[in-house]
Amino acid sequence: MSSVTKGAATEIKTDAKRTAVEGKGEHKSPSNFIRQIVDADQLSGKHDGKVITRFPPEPNGYLHIGHAKSICLNFGLAKDYVGVCHLRFDDTNPVKEDVEYEESIKEMVEWLGFSFEKNLYYASDYFGKLYEFAQHFIERGLAYVDSQSADEIRANRGTLIEPGTNSPFRDRAAEENLRLFDEMKRGLHADGAHILRLKIDMASPNINLRDPAIYRIRHTEHHRTGSAWCVYPMYDYTHCISDAIERITHSLCTLEFEAHRPLYDWVLERLVETGKLPAPSPQQIEFSRLNLSYTVMSKRKLLELVETGLVNGWDDPRMMTLAGLRRRGFTAGSIRLFAERAGVSKAHQWIDMADLERALRDDLDATALRAMAVLDPVRVVIENYPEGQFEPCSAPVNPHDENGGRRSFKFAREVFIEREDFMETPVKGFFRLAPGTEVRLRHGFIIKCERIEKDDAGNVATIYATYDPATKSGTGGRNVKGAIHWVSKLDGIQAEVRLYDRLFNVENPDSGEGDYRTYLNPHSLKSVTAWLEPSLASAKADESYQFERNGYFTPDRVDSKPGALVFNRAVTLKDGWKPS
RNA sequence: AGGGGAGUCGCCAAGUGGUAAGGCACCGGAUUUUGAUUCCGGUAUGCGUAGGUUCGAUCCCUUCCUCCCCUGCCA
């Protein structure tokens, strides 16, 4: 039987491969071990051909790039198999959760391009059912109320190499357990006075099976159920049951839950065998977490960065939160592309920040609107161009889109160019502007540097040049090797541009050697006043621009206002110039 | 009386008995009014290690090594 399954699965795989090669339209994701499991289940008809996954965040913080991987995996898998993916809030611990987080999570999942309108669930909606099931476990002698203190329980749990010892309350009669559990629920006991535990095996080599706690007393308002409950179910007990209630077929989670799977299965098996839950049960499958170089990802550290003011909030453009990435100028498409390129496996994944940046460039090159902007301006005076006149110039809004229209700007006597596009004594291979040499002002004319003027500090203050009237862009005249961007003083506008760099200056600030905060990059944010071409005056947040030869920029969704624009640099363009 | 996982190119990652896909990075070359993009071409005699089985091993068996996770009334 297994060989039949295997052979057929191979055929399907071959099919998928052919589609990927031939298919111009629908994009097939690459194979991975999870898809193999799903393929096998499809073949055996285990779930009647259905694929139902879920993304189950606890609303206790903001989503980051690591969550994006999980979101793309779960929603992507459902989409590819014509199934559905639930968004389920795992809201079982009211002391840590808040609607603010819930709203942010929903917003970000939607932003990433995934829909959950008809598939929004809450673990808290199952509190009633979960409580009934707990009584059921008690009645069957599979759960008991433990009245030991937290310290005692910890001490009796044993260690990694020594078995635990049974609680003195382990053999309480079912009736008494039921009564106590009811009292716990009715608020008759203080936090910590009692706890409900599954009765499994205190000597199990898997510590998760040493009578795990499944209900604790918490006299706390829950953001959805208010004060209806004062006992709250715990993760291991809640998650598997929630999955089963929703008929999740494949429950994907990260590697650290591997040791919890036997518990996941234990709970469900016992509920299925008495008909409390339907078969087949969902299957938990673990994959490796995403780690990114030059950043930290743990909720605790992210929170610390925000609270100590090391960054400006959860949506600081340097943060790897989804809110931060969006504000920085990352597109949803680029994050989906990144997640797909990263892939899924059980091996530890250490991905370079450069890969994220590369995905953004790849996504934006095709669609970003083009404009010229001079970030570090130096003045150029065209001495043979009369004052008070101008020459209209234009350029495609997007060179990859012939129907995208054109933008206009004016060439005039005074323009600004990038300081780094001029060298007084050019190194070998430099083909921009230098004394006596020519360069093209992109979309404009060829100019020649005649002489320069310096300020008291010895910096170039003004470049005096002449232009060749016969070389206007598009007229088919002669050309030169270099072309640089520029903005004329006549119609250019000024704006703040924020230049971001990685937040940390070491690959793994989390390595454990010293405080990660000592590795903060002091130059992660630099603000400049730039000259922009006039078409940028109407730029809006959520629009991505390529500042030609510079990088991709987007108006800051918080600080940018009409007339007082603020742009964020999401990423630079690749710079292939290496002086040699 | 510990248990559970992972090791395939610089970074990811397919393949799982028939002689190492792909992406990113990198290196050439072509085109280019963005030193971008695009396009062509190149890049693992090798799959942590040492043995074994086999006509044939990344894949099966055994040894060893390295790394990660688990002792919350967090998820």
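Chain A is the first sequence line, chain B the second, and so forth, proteins listed ahead of strands; every chain is numbered from 1.
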Colleague: Within 45 degrees of the axis of the six-membered ring of A:Tyr294 and under 6.0 Å from its centre: does A:Arg502 put its NZ or CZ there?
Modeller: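 Cation-pi check for A:Arg502 and A:Tyr294: passes.
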
Colleague: Send over the distance from A:Asn550 CG to B:U34 P, rounded to a whole Å.
Modeller: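 Whole-Å distance recorded here is 15 Å.
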
Colleague: Planes under 30° and centres closer than 5.5 Å, is that true for A:Tyr235 with the base of B:A75?
Modeller: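 No, A:Tyr235 does not stack on the base of B:A75.
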
Colleague: In whole Å, I'd like the distance from the CZ atom of A:Arg210 to the C1' atom of B:C73.
Modeller: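 Rounding to the nearest Å, CZ of A:Arg210 and C1' of B:C73 are 17 Å apart.
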
Colleague: With the side chain of A:Pro163 defined as its heavy atoms from C-beta on, choose the nearest nucleotide among B:A1, B:C74, B:C68.
Modeller: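 Nearest nucleotide to the side chain: B:A1.
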
Colleague: Base, sugar-phosphate, or nothing: which does A:Ser473 touch, judged by heavy atoms less than 4.0 Å apart?
Modeller: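 Base contact.
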
Colleague: Between C1' on B:A36 and CZ on A:Arg432, what's the gap in Å once rounded to a whole number?
Modeller: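 About 12 Å, once rounded to whole Å.
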
Colleague: Using the P atom as the point on both nucleotides, what is the distance between B:U49 and B:U8, in whole Å?
Modeller: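 Between the two P atoms, the distance is 10 Å.
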
Colleague: Could you tell me how far B:U58 sits from B:A50 if I compare only their P atoms? Round to whole Å.
Modeller: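 Straight-line distance between the two P atoms is 13 Å.
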
Colleague: Side-chain donor-acceptor pair under 3.5 Å between A:Asn93 and A:Tyr235, yes or no?
Modeller: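 A:Asn93 vs A:Tyr235: no donor-acceptor pair found between side chains.
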
Colleague: Just the rounded figure in Å: distance from P of B:C67 to CG of A:Asn291.
Modeller: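 The answer, rounded to whole Å, is 17 Å.
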
Colleague: Taking only side-chain N and O atoms of A:Arg197, does any of them lie within less than 4.0 angstrom of OP1 or OP2 on B:G72?
Modeller: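 Indeed not, no polar side-chain atom of A:Arg197 lies that close.
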
Colleague: In whole angstrom, what separates A:Leu290's CG from B:C24's P?
Modeller: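 It is 18 Å, rounded to the nearest whole Å.
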
Colleague: Between B:G48 and B:C60, how far apart are the two P atoms, rounded to whole Å?
Modeller: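 About 12 Å, rounded to a whole number of Å.
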
Colleague: How long is the line joining CD1 of A:Ile207 and P of B:G3, in whole Å?
Modeller: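 Rounding to the nearest Å, CD1 of A:Ile207 and P of B:G3 are 12 Å apart.
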
Colleague: Check the phosphate of B:C12 against A:Ser345, side-chain N and O only, distance under 4.0 Å to OP1 or OP2. Yes or no?
Modeller: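 For B:C12, neither OP1 nor OP2 has a side-chain N or O of A:Ser345 closer than 4.0 Å.
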
Colleague: Of all the choices, B:C73, B:G3, B:C24, which nucleotide is nearest to the side chain of A:Met234 once you look at every atom?
Modeller: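 The answer is B:C73.
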
Colleague: Could you give the CZ-to-C1' distance, from A:Phe431 to B:U34, as a whole number of Å?
Modeller: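 Checked: the CZ to C1' distance equals 11 Å.
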
Colleague: Taking the cut-offs as 6.0 angstrom to the six-membered ring centre and 45 degrees off its axis, would you call A:Lys185 and A:Tyr131 a cation-pi pair?
Modeller: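 Ring-cation test returns yes.
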
Colleague: Determine the interatomic distance between P on B:G29 and the same-named atom on B:A36; round to the nearest Å.
Modeller: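 Between the two P atoms, the distance is 13 Å.
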
Colleague: Answer yes if the ring centres of A:Trp577 and A:Phe431 are under 6.0 angstrom apart, and no otherwise.
Modeller: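 For A:Trp577 and A:Phe431, the ring centres are not under 6.0 Å apart.
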
Colleague: For the side chain of A:Arg358, counting heavy atoms from C-beta on, which of B:U34, B:C24, B:U71 is nearest?
Modeller: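 Looking only at heavy atoms from C-beta outward on A:Arg358, the closest nucleotide is B:C24.
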
Colleague: Students often get this wrong, so: under 4.0 angstrom with heavy atoms, is A:Gly192 touching a base, only sugar-phosphate, or nothing?
Modeller: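 Counting heavy atoms under 4.0 Å across all strands, the contact made by A:Gly192 includes a base.
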
Colleague: Given that both distances must come in under 3.5 Å, which nucleotide forms a Watson-Crick or G-U wobble pair with B:C67?
Modeller: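 B:C67 is paired, partner B:G5.
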
Colleague: Just call it for A:Phe287: base, sugar-phosphate, or nothing, with non-hydrogen atoms closer than 4.0 Å on any strand.
Modeller: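 Nothing: the residue A:Phe287, judged by heavy atoms under 4.0 Å, touches no strand.
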
Colleague: For A:Tyr122, is the NZ or CZ atom of A:Arg224 found under 6.0 angstrom from the centre of its six-membered ring and inside 45 degrees of the ring axis?
Modeller: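 Because its charged atom sits under 6.0 Å from the ring centre and within 45° of the axis, A:Arg224 does stack over A:Tyr122.
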
Colleague: Taking syn as any angle within 90 degrees of 0 and anti as the rest, which one fits B:G72?
Modeller: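 Syn, since the glycosidic angle lies within 90° of 0.
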
Colleague: Quick one: is A:Arg341 getting a side-chain N or O under 4.0 Å of the B:C11 phosphate, OP1 or OP2?
Modeller: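 It does not, given that no N or O in the side chain of A:Arg341 lies less than 4.0 Å from OP1 or OP2 of B:C11.
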
Colleague: Nearest of B:U34, B:A6, B:U37 to any side-chain atom of A:Lys574?
Modeller: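 Of the candidates, B:U37 comes closest.
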
Colleague: Closer than 4.0 Å, any side-chain N/O of A:Arg216 to the OP1 or OP2 of B:A75?
Modeller: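 Yes, A:Arg216 has a side-chain N/O under 4.0 Å of OP1/OP2 on B:A75.
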
